[in-house]
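Proteins come first, then strands; the chains are lettered A, B, ... in the order of their sequence lines, and each starts at number 1.
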2 protein chains.
Amino acid sequence: MEKDFIKIYNLIQELSWHFGAHGINGECCGDLSLVEYMALKKIEDSENITVQEIGNALNFTKSGASKIIDRLENKGYVTREISPENGRVCFVNTTAKGAEIASEIVKKYSAYVYEMLKEQDKAMVGNIEAVLKILVDSANGLENNLNGKFTQGGGKMTVFEMNS
Amino acid sequence: MEKDFIKIYNLIQELSWHFGAHGINGECCGDLSLVEYMALKKIEDSENITVQEIGNALNFTKSGASKIIDRLENKGYVTREISPENGRVCFVNTTAKGAEIASEIVKKYSAYVYEMLKEQDKAMVGNIEAVLKILVDSANGLENNLNGKFTQGGGKMTVFEMNS
DNA sequence: GAGCTATAGTTTCCAGTGTCAACTATTACA
DNA sequence: TGTAATAGTTGACACTGGAAACTATAGCTC
């Protein structure tokens with residue numbers, strides 16, 4: 001049983017590398033880095049998201065998030081707008097150009113995924129989607145742990161125990 | 001059908017972010033960055049791997065690979081050794097310390113994966129593993145395309161076509 | 001074997017990136 | 001009104017990986 005989880009972890013890590021910043025060959029798409037692209041996606045998904053929230057969602061400090069938004073703004077993909085309710089807060093939203101480039105990147109990589117999986121039958125495609133959903137949901141469920149006792153646990157190696 | 005692949009892509013991207021350099025909170029484990037860890041894994045998996053081969057495997061230039069190995073060597077996790085057959089070639093191998101830290105990291109994240117999936121029954125765990133294997137294998141199968149016509153295709157957005 | 005070319009690796013210079021700490025500006029509250 | 005808290009920005013800094021130049025070895029041709 002334990003070995004299964006090691007295998008699963010190694011597979012996830014390899015897949016993640018493939019779709020990560022270096023697996024995609026350093027550049028994500030056009031003039032966007034992977035980090036910028038992920039921020040753009042996040043901004044597109046949530047209306048009037050704040051700088052802080054983007055930082056929290058992507059695991060950046062607020063100053064890091066601010067600079068990522070700087071770059072996206074300079075490229076014309078997002079806008080900053082001071083909240084009418086609270087003058088300290090800054091709403092970030094995508095421009096039409098930003099939404100378009102994001103959708104192009106999604107299209108490009110979806111076509112890549114199609115190429116990966118085109119030999120699978122319809123049932124398996126559904127199964128793959130279901131499995132990924134389980135993985136993503138459960139990873140999001142542990143996010144608090146990951147940022148709390150897990151990663152910042154003072155360098156401790158093993159926090160979770162497998163009692164298999 | 002097309003929508004399925006978009007969903008699958010988005011799920012993969014989210015999972016990859018979670019297990020990528022920023023999802024794991026900037027630090028991978030102890031004194032290793034994700035890049036260093038992946039290189040260490042690769043070195044451990046293949047005896048007498050060369051600097052160039054590490055670079056190719058992880059999508060780095062040879063100068064980049066050389067520096068990553070520098071860091072691993074300075075930390076005492078790998079050794080360089082000139083090939084007896086060819087004085088230009090440099091064999092890289094893990095030290096006992098390097099192998100140990102790599103295995104500790106694997107253990108740590110496998111426990112994390114266990115925590116993610118502990119509510120799944122045995123059949124589903126097997127299914128998850130099978131699905132990930134399909135994804136990793138098919139991604140590796142397209143690797144040449146990804147580095148060839150796909151990513152370096154001169155900025156073209158869509159190279160693969162979905163004819164669904 | 002001298003000389004040219006190819007190959008493996010290293011090093012130098014450089015640009016990009018994210019963090020920390022200090023700062024501005026606004027809000028909340030006593 | 002004054003103090004603390006909050007959101008965001010900025011500047012200095014360290015780290016990282018790439019491009020190009022460089023060293024050193026190997027292979028090949030004459």
Side-chain angles (χ1 to χ4, degrees), chain A residues 17 20-28 30-40 42-43 48-75 78-93 147 151-152, chain B residues 17 20-28 30-40 42-43 48-75 78-93 147 151-152:
Chain A
W17 183 260
H22 291 96
I24 313 182
N25 223 358
E27 81 151 89
C28 170
D31 56 353
L32 286 182
S33 71
L34 180 63
V35 161
E36 288 160 5
Y37 166 56
M38 290 303 289
L40 185 59
K42 187 76 200 167
I43 294 163
N48 283 345
I49 193 169
T50 68
V51 173
Q52 193 97 254
E53 285 164 351
I54 295 168
N56 290 339
L58 300 182
N59 262 320
F60 287 102
T61 62
K62 60 179 182 171
S63 74
S66 180
K67 290 184 184 183
I68 292 164
I69 295 161
D70 278 347
R71 305 202 297 267
L72 287 172
E73 197 179 19
N74 288 337
K75 289 169 184 169
V78 305
T79 56
R80 276 180 166 97
E81 182 191 353
I82 293 173
S83 159
E85 299 108 38
N86 186 337
R88 291 171 296 187
V89 172
C90 192
F91 288 158
V92 183
N93 287 289
N147 293 334
T151 304
Q152 300 189 334
Chain B
W17 183 259
H22 290 96
I24 312 182
N25 224 358
E27 81 151 85
C28 171
D31 56 354
L32 286 182
S33 71
L34 180 63
V35 161
E36 289 159 5
Y37 166 56
M38 291 302 288
L40 185 60
K42 187 76 200 167
I43 294 163
N48 282 345
I49 193 169
T50 67
V51 174
Q52 193 95 256
E53 285 164 351
I54 295 167
N56 290 339
L58 300 182
N59 262 321
F60 285 101
T61 63
K62 59 178 181 170
S63 76
S66 180
K67 291 183 188 182
I68 292 164
I69 295 162
D70 278 348
R71 304 202 297 267
L72 287 172
E73 199 180 15
N74 289 335
K75 289 167 184 170
V78 304
T79 56
R80 276 178 165 100
E81 182 191 353
I82 292 175
S83 159
E85 299 108 38
N86 186 335
R88 291 171 297 188
V89 172
C90 193
F91 287 158
V92 184
N93 286 288
N147 292 332
T151 305
Q152 300 189 334

Rounding to a whole Å, what distance do you find between [X]:[atom1] and [N]:[atom2]?
X	N	atom1	atom2	value
N74(A)	dG16(C)	CG	P	13 Å
D31(A)	dG16(C)	CG	P	13 Å
I68(A)	dT17(C)	CD1	C1'	9 Å
E73(B)	dG9(C)	CD	P	13 Å
E81(B)	dA8(C)	CD	P	18 Å
E36(A)	dG18(C)	CD	C1'	12 Å
F91(B)	dA8(C)	CZ	C1'	12 Å
I69(B)	dT11(C)	CD1	P	12 Å

Can you classify the ring geometry of W17(A) versus F60(B) as parallel (below 30°), tilted (30 to 60°) or perpendicular (above 60°)? tilted
Can a side chain N or O of R71(A) be found less than 4.0 Å away from OP1 or OP2 on dG16(C)? no
Are any of S66(B)'s side-chain N or O atoms less than 4.0 Å away from OP1 or OP2 of dG9(C)? no
Partners of E53(A) by salt bridge (charged side-chain N to carboxylate O under 4.0 Å, His left out), sequence neighbours excluded? none
Qualifying residues under ring pair (Phe, Tyr, Trp, His ring centres under 6.0 Å), relative to F91(A), sequence neighbours excluded: none
Please name all residues satisfying side-chain contact (heavy atoms from CB on, under 4.5 Å) with Q52(A), sequence neighbours left out, ordered by chain then number. T50(A), N56(A), K62(A)
Apply side-chain contact (heavy atoms from CB on, under 4.5 Å) to R88(A) and list each qualifying residue two or more places apart in sequence or on a separate chain. N86(A)
Using a heavy-atom cut-off of under 4.0 Å over every strand shown, decide if E53(B) touches base, sugar-phosphate, or nothing. nothing
Side-chain contact test, heavy atoms from C-beta onward, threshold under 4.5 Å: evaluate it for I54(B) versus I69(B) and give yes or no. yes
So, do L72(A) and R80(A) sit near enough that their side-chain heavy atoms are less than 4.5 Å apart? no
Rounded distance [0.5 Å steps], CD1 in I43(B) versus OG1 in T79(B): 9.0 Å
I need a per-nucleotide contact map over nucleotides 19-30 of chain C, read 5' to 3'. Cutoff is protein heavy atoms under 4.0 Å; write B for the base, S for backbone only, - otherwise. BBB----BB---
Quick check for you: name the first and last nucleotides of DNA chain D, 5' to 3', having an atom under 4.0 Å from a heavy atom of chain A. dA5(D) to dG17(D)
So, applying salt bridge (charged side-chain N to carboxylate O under 4.0 Å, His left out) with E36(A), which one of R71(A), K42(A), K67(A) is it? R71(A)
